[in-house]
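Here the structure is laid out as C-alpha cells; the discussion comes afterwards.
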Amino acid sequence: MATMTRVDSARAAELFHALSDEIRVKVVLLLMDGERCVCDLMADLEMAQSRLSWHLKTLNDAGIVSGRREGRWNYYSLNAGAFAEASTILGALKPSRRLAVRSTCCD
C-alpha cells in the first residue's frame, strides 16, 4: 500500500481520463508547437465547434490545457506542469522490482 500514499488516485484518474480519448490526444499533439486558435483546431481536426469544445473543456478541467479569450476567439495552449505531474504519477506507479504473487484466497 505504499504506492497508495504517494499517488493522489483521484488526480491520476482525472489526468489520465482526459488523455484517454484519441481526439484529446490529437489536440495535445496539435498544441505541442504552441498556442492555437479554436478555429485552427477545428479545421485541423475537421470537427464541429461544439464537439471540439467538449473535448477542450475536459482537457481544461484536468489542467492539461489553458485557454484565453481574445475578442471573439479562444486560444489554447498546453500546461507543461500537468505533463510533469503525469510523469511523476507514472513514475510512482512503476514497480521498482518484480513483485511476488501474494494471495490468500487462491490457496
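None of these values were measured; they are calculated from a predicted model.
If you take CD1 on Ile89 and CG on Asp8, they are separated by 7.0 Å, rounding to the nearest 0.5 Å. Residue Asn74 holds its CG atom at 14.5 Å from CZ of Arg36, rounded to the nearest 0.5 Å. Once rounded to the nearest 0.5 Å, the distance linking NE2 of His55 with OG of Ser50 reads 10.0 Å. Rounding to the nearest 0.5 angstrom, the gap separating the CD1 atom in Ile23 from the CG atom in Leu41 is 12.5 Å.
Side-chain N or O atoms of Ser20 include one that pairs as donor or acceptor with a backbone N or O of His17 at under 3.5 Å. Remark: side-chain polar atoms of Thr88 are paired, donor with acceptor, to backbone N or O of Ala84 under 3.5 angstrom. Side chain of Arg69 to main chain of Tyr75: no donor-acceptor pair is present (N/O by atom type, distance under 3.5 Å, no hydrogens or angles). Judged purely by atom type and a 3.5 angstrom limit, Arg24 uses its side chain to pair as donor or acceptor with the backbone of Ala18. In terms of modelled atom types and a separation under 3.5 Å, the side chain of Asn79 and the main chain of Gly63 share a donor-acceptor contact.
Between Tyr76 and Val27 there is no side-chain heavy-atom pair separated by less than 4.5 Å. You'll find the side chain of Leu30 reaches within 4.5 Å of the side chain of Leu45, heavy atoms only. Using a 4.5 Å heavy-atom cutoff, the side chains of Asp44 and Lys26 are not in contact.
Minimum heavy-atom separation, Val7 to Ala92: CG2-CB, 3.5 Å.
Trp54 and Val38 fall into different hydrophobic clusters, where Ile, Leu, Val, Met, Phe, Trp and Tyr are joined by side-chain heavy atoms under 4.5 Å apart, directly or via other members. Using a 4.5 Å cut-off between side-chain heavy atoms of Ile, Leu, Val, Met, Phe, Trp and Tyr, with links allowed through other members, Trp73 and Leu52 fall into different hydrophobic clusters. Both Val65 and Phe16 are members of a single hydrophobic cluster when ILVMFWY side chains are connected at heavy-atom separations under 4.5 Å.
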